[in-house]
Each structure stands twice: as structure tokens, then as C-alpha cells.
There are 2 protein chains.
Amino acid sequence: MNGPNDNPYAHLERIFHEPGRLTIMTNLLGAPDGMTFTELKTACNLTDGNLSRHLKVLEEAKAVTAKKRFVKNRPQTTIFLSQEGRADFMAYLQALETVLLDAAAKAAADKPKKRAHVSLFSHLARA
Amino acid sequence: MNGPNDNPYAHLERIFHEPGRLTIMTNLLGAPDGMTFTELKTACNLTDGNLSRHLKVLEEAKAVTAKKRFVKNRPQTTIFLSQEGRADFMAYLQALETVLLDAAAKAAADKPKKRAHVSLFSHLARA
DNA sequence: ATAAAGCACTTTGCAATGCAAAGTAAAAAG
DNA sequence: CTTTTTACTTTGCATTGCAAAGTGCTTTAT
């Protein structure tokens with residue numbers, strides 16, 4: 001859908017490929033009940049400004065949703081992975097896996113060894 | 001060496017993380033005798049200008065070396081992976097693997113299943 | 001002979017964006 | 001009531017990915 005070529009590198013969507021956002025998405029993947037801004041900030045080791053900017057990008061791409069409310073008279077933003085975001089991210093991870101296996105195969109070509117690996121994501125992905 | 005934190009995301013070196021350069025490095029990994037500019041261009045599905053720019057970056061980082069000569073009265077640049085480049089790239093791939101396994105673990109947390117995977121790169125890496 | 005086209009790149013220019021620093025707003029502390 | 005803290009958002013700059021144009025040489029028409 002992105003171009004005429006069908007190589008996995010074309011599927012490395014920039015939106016998830018950025019390390020900061022990769023971390024955010026991965027953390028959210030393990031948090032079905034969402035994570036607060038502050039939780040994410042510490043979990044991802046990001047500065048306030050950075051996290052804010054990345055979240056805006058992810059929200060605009062509809063990968064995450066934010067719920068803002070007040071807790072103890074303080075603002076609290078909780079971030080959730082959207083269904084669409086989860087599916088897209090899983091697709092990205094599958095592309096990453098392909099890239100990685102590709103590199104592994106090439107790296108192993110010199111020194112022949114049994115190719116022992118397993119698909120990490122295929123069995124988890126669902127539209 | 002890059003900061004106070006020791007998480008794998010910090011080791012996703014930008015120089016290799018860029019999709020175009022990831023492709024270049026992976027292709028070179030499988031080509032111990034180097035690849036010509038034109039070979040790389042088609043293999044990586046990059047435009048002339050893009051390839052040139054990425055190669056300059058990789059050269060400046062001493063990840064690859066270029067040998068220019070004339071073949072049949074035409075210029076021919078052959079690109080080789082440097083020893084340093086190979087080592088650094090393998091380290092990057094290991095970091096990527098960690099990130100991927102991390103995501104796999106989080107994705108699998110919801111739906112428990114046997115965690116069947118194998119280290120893709122650890123056994124290949126060497127300083 | 002000379003114009004046009006091709007090859008193998010390199011350079012330029014701009015638009016996007018990651019990141020740091022500064023800004024905002026409200027509450028808690030001193 | 002001033003300062004600090006919390007929870008963010010906005011601004012600005014410096015980088016850089018990418019497309020388009022440029023360079024220099026050769027080969028192929030005309």
C-alpha cells in the first residue's frame with residue numbers, strides 16, 4: 001500500500017521505528033489498562049517534552065488514545081493503545097522480525113550453522 | 001557509553017537504525033567481497049542520491065569503506081563492510097533483537113503461550 | 001561531427017522532526 | 001505570599017532524510 005516494492009524495509013513504518021516511540025508502544029503493549037503520562041515517562045526514560053511530542057504524533061496516527069481527568073485535584077493523562085495501534089504495531093514488529101532474520105541469515109552465511117529460529121510474532125498477529 | 005541508562009533502546013544507534021542504512025548494512029553483511037554502487041542501489045531499492053548520502057554517512061562513521069576505480073572506462077565504486085562496521089552492526093542487531101523479544105514478551109502476556117525463541121545473534125557476535 | 005541519451009555517481013535545497021529548553025497552570029510547601 | 005513541585009505543552013533550533021538537479025564521461029544516433 002505504500003509503494004510498488006514489497007520488501008520488508010518498506011514496511012518499517014517511521015511512526016513506530018523511532019526509538020522513543022518504539023519504547024512507548026512496547027510498554028503500552030504490556031499495559032491493557034493504560035499507563036499514565038508519568039508512568040510512561042519513567043518507564044521509557046524520556047523527558048516530559050519528548051514524551052509529550054511523541055504522544056501527540058502517536059495520537060494523530062490514532063495509534064493511542066489519551067484520557068485526561070483530575071485525580072486529587074491534579075491533571076492525570078492516561079494513555080491507551082488503540083485497537084488499530086496494536087494491529088499496526090504488530091505488523092511493524094513482524095516486519096522488524098523479517099529484517100532481523102534476514103540479517104541473521106546473511107551474518108550466518110559465512111559461518112554455516114544450523115539455522116535455529118522461530119517466528120516471534122506471526123502467531124500473535126491478528127488483523 | 002552513551003548515557004547513564006542501560007536499556008537496549010539507548011543502543012539502537014541511529015546510524016544503523018535508519019531503514020535505508022539498515023538495508024545497506026544487511027546486504028553488505030552477506031557480501032564479503034563487497035558490492036558495487038549499482039548493485040547496492042538495486043538490491044536496496046534506493047535512488048542514486050539517497051544511496052550516495054547514506055554511504056557518505058556510513059563512511060564517515062567508518063562502518064564501510066569505498067574503493068573507486070575504472071572498469072571499461074567507467075567509474076566503479078565498490079563498498080566493503082569494515083571490521084569495525086561489522087562489529088558495531090552486530091551489536092546493533094543484538095539490541096534490536098532484545099527490543100523485539102521484549103515486545104514479544106509483552107504481546108504474549110495477555111495470551112499466555114509457551115515462549116519459544118532462540119537468540120538470533122548472540123552466538124554470532126564477536127568483538 | 002555533433003547532438004542526444006545513458007551511466008555512475010555527487011551536490012543542493014527544502015521540508016520534516018527529534019530533542020532541549022522554556023513556558024504554563026495549578027497545587028502544595030515553606 | 002513567595003517558592004517549589006507536579007504535570008504537562010510549546011517553542012526553536014539543528015539535524016537529516018529525500019527529491020531533484022547537477023557533473024563528467026561515454027556511447028549511441030543523426
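Residue numbers begin at 1 in each chain, while the letters A, B, ... track the order of the sequences.
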- [ ] Give Lys56(B) one of three labels, base, sugar-phosphate or nothing, depending on what nucleic acid heavy atoms sit under 4.0 Å from its own.
- [x] sugar-phosphate
Can you tabulate the close N/O pairs, meaning under 3.5 Å, that link protein atoms to atoms of nucleotides 13-16 of chain C?
none

TODO: Measure the distance from CE on Met35(B) to C1' on dC9(C) and round it to the nearest whole Å.
DONE: 16 Å
TODO: Would you mind telling me which of Leu93(A), Leu100(A), Leu101(A) makes a side chain to side chain contact (heavy atoms under 4.5 Å, CB included) with Glu97(A)?
DONE: Leu101(A)
Open item on the list: Please give me the minimum heavy-atom distance between Ala43(A) and Asn27(A), naming the atom from each residue.
Closed with: CB-OD1, 3.7 Å
TODO: Indicate, with a heavy-atom threshold strictly under 4.0 Å, whether Thr77(B) touches base, sugar-phosphate, or nothing.
DONE: sugar-phosphate
TODO: Indicate whether OP1 or OP2 belonging to dG18(C) is found under 4.0 Å from a side-chain N or O atom of Asn50(A).
DONE: no
Task: For Arg74(A), all residues meeting side chain to side chain donor-acceptor pair (under 3.5 Å), sequence neighbours excluded - done: none
Open item on the list: Would you say Thr38(B) places a side-chain N or O within less than 4.0 Å of OP1 or OP2 belonging to dA8(C)?
Closed with: yes
Open item on the list: In this structure, how many angstroms lie between the C1' atom of dC19(C) and the NE2 atom of His54(A), rounded?
Closed with: 8 Å
Task: Nearest-angstrom distance from the residue atom NE2 of His17(A) to C1' of dT17(C) - done: 15 Å
Open item on the list: Without decimals, in angstroms, what is the distance between Leu46(A) CG and dC19(C) P?
Closed with: 8 Å
- [ ] Assign Asp48(B) to base, sugar-phosphate, or nothing according to its heavy-atom contacts below 4.0 angstrom with the strands shown.
- [x] base
Task: Value in whole Å for how far the C1' atom of dG6(C) lies from NZ of Lys72(B) - done: 15 Å
Task: Summary of salt bridge (Lys or Arg N to Asp or Glu O under 4.0 Å) pairs that have at least one residue in residues 45-69 of chain A, sequence neighbours excluded - done: Lys41(A)-Asp48(A)
Open item on the list: Output the rounded distance in Å from CD1 (Ile24(A)) to P (dC19(C)).
Closed with: 10 Å
Task: 5′-ward residue of the pair Leu55(A)/Arg74(A) relative to DNA chain D - done: Arg74(A)
Open item on the list: As a test of reading the structure: which of dA27(C), dC9(C), dC7(C) is closest to the side chain of Asn73(A), going by heavy atoms?
Closed with: dA27(C)
Open item on the list: On a heavy-atom basis, which atom in Ile15(A) and which in Arg21(A) lie closest, and how many Å separate them?
Closed with: O-NE, 2.7 Å
Open item on the list: Below 4.0 angstrom, which residues in residues 57-70 of chain B have at least one non-hydrogen atom near DNA chain C?
Closed with: Lys68(B)
TODO: Measure across Leu29(A) and Ala103(B) and return the closest heavy-atom pair with its distance rounded to 0.1 Å.
DONE: CD2-O, 3.7 Å
Open item on the list: Quick check: do Leu55(B) and Phe37(B) have side-chain heavy atoms less than 4.5 Å from each other?
Closed with: yes
Task: Test side chain to side chain contact (heavy atoms under 4.5 Å, CB included) applied to Asp88(B) - qualifying residues, sequence neighbours left out - done: Phe16(B), Glu84(B)
- [ ] Not counting sequence neighbours, which residues clear side chain to side chain contact (heavy atoms under 4.5 Å, CB included) with Asn50(A)? List them please.
- [x] Leu46(A), Thr47(A), His54(A)
Task: Separation of atom CD1 in Ile79(B) from atom C1' in dT10(C), rounded to whole Å - done: 13 Å
Open item on the list: What range of DNA chain D does chain B touch, first nucleotide to last, counting atoms under 4.0 Å from its heavy atoms?
Closed with: dG17(D) to dT26(D)
TODO: Would you indicate whether the side-chain heavy atoms of Met25(B) and Val64(B) approach each other to under 4.5 Å?
DONE: yes
Open item on the list: Let me check something: do Phe80(B) and Leu40(B) share a hydrophobic cluster, defined by ILVMFWY side-chain heavy atoms less than 4.5 Å apart, either directly or through other members?
Closed with: no
- [ ] Not counting sequence neighbours, list each pair that qualifies as a side-chain hydrogen bond (donor to acceptor under 3.5 Å, both in side chains) and has a residue in residues 30-40 of chain B.
- [x] none
Open item on the list: Output the rounded distance in Å from CZ (Phe37(B)) to C1' (dT10(C)).
Closed with: 8 Å
